[in-house]
Amino acid sequence: MKCPTCNGTGEIATTSAHVGLMICAARHQAKMTQEELASKVGRSRPQIANIEAGRSSFDIKMLSIFAEALGVPAKELIP
């Protein structure tokens with residue numbers, strides 16, 4: 001029987017929009033502005049806005065950087 005979430009691949013399919021929403025929620029929880037997060041992760045504020053809105057994608061290494069900057073485990077940023 002295959003896993004209904006990953007269909008046996010071991011990968012979880014998420015869209016950039018979903019991950020962006022999780023980053024946005026974690027940022028709000030940390031009481032951090034987009035500008036502050038941008039400074040911590042080495043991006044611009046517009047890039048953060050685009051990531052949170054799902055208009056920009058990023059790799060798994062960047063997810064780890066976001067998690068560290070927000071003080072949460074990376075798995076909390078994946079819906």
Side-chain angles (χ1 to χ4, degrees):
M1 182 171 166
K2 290 185 180 179
C3 170
T5 303
C6 69
N7 198 27
T9 66
E11 297 177 8
I12 298 173
T14 59
T15 66
S16 295
H18 291 128
V19 175
L21 289 174
M22 300 300 285
I23 290 170
C24 183
R27 180 178 60 76
H28 283 283
Q29 183 71 27
K31 298 185 183 340
M32 191 180 298
T33 66
Q34 286 181 339
E35 190 70 41
E36 290 167 331
L37 180 57
S39 177
K40 286 183 175 231
V41 300
R43 302 283 186 216
S44 69
R45 195 223 39 90
Q47 286 175 311
I48 298 300
N50 284 331
I51 288 169
E52 289 183 353
R55 293 186 297 263
S56 257
S57 60
F58 52 90
D59 61 21
I60 195 75
K61 182 177 180 187
M62 193 66 209
L63 183 70
S64 176
I65 293 168
F66 276 116
E68 184 176 331
L70 293 165
V72 299
K75 67 181 182 179
E76 285 188 23
L77 300 179
I78 301 172

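The basis for the numbers below is simple: all heavy atoms, side chains too, and nothing from hydrogens, waters or symmetry mates.
- Cluster membership check: Ile51 does not share its hydrophobic cluster with Met22, using side-chain heavy-atom separations under 4.5 Å among Ile, Leu, Val, Met, Phe, Trp and Tyr.
- Judged as a ring-ring contact (aromatic ring centres under 6.0 Å, His included), not a single pair has a partner in residues 24-45 (not counting sequence neighbours).
- Val41 places a side-chain heavy atom less than 4.5 Å from the side chain of Ile48.
- Listed by first then second residue, pairs satisfying salt bridge (charged side-chain N to carboxylate O under 4.0 Å, His left out) with a partner in residues 24-35 read Arg27-Glu52, not counting sequence neighbours.
- Contacts of Pro46 classified as side-chain contact (heavy atoms from CB on, under 4.5 Å), with partners at least two apart in sequence or in another chain: Ser44.
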With a 3.5 Å cut-off and sequence neighbours excluded, list the donor-acceptor pairs that the side chains of residues 59-76 form with protein atoms.
unit_1: Asp59; atom_1: OD1; unit_2: Lys61; atom_2: N; d: 3.2
unit_1: Asp59; atom_1: OD1; unit_2: Met62; atom_2: N; d: 2.9

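- Arg43 is linked by a salt bridge (Lys or Arg N to Asp or Glu O under 4.0 Å) to nothing, counting only residues two or more places apart in sequence or in another chain.
- When all heavy atoms of Ala38 and Arg45 are compared, the pair lying nearest together is CB-N, 3.7 Å.
- Applying the side-chain contact (heavy atoms from CB on, under 4.5 Å) rule to Ala25 yields no partners; only residues at least two apart in sequence or on another chain are considered.
- By the side-chain contact (heavy atoms from CB on, under 4.5 Å) test, Gln29 pairs with no residue at all, sequence neighbours left out.
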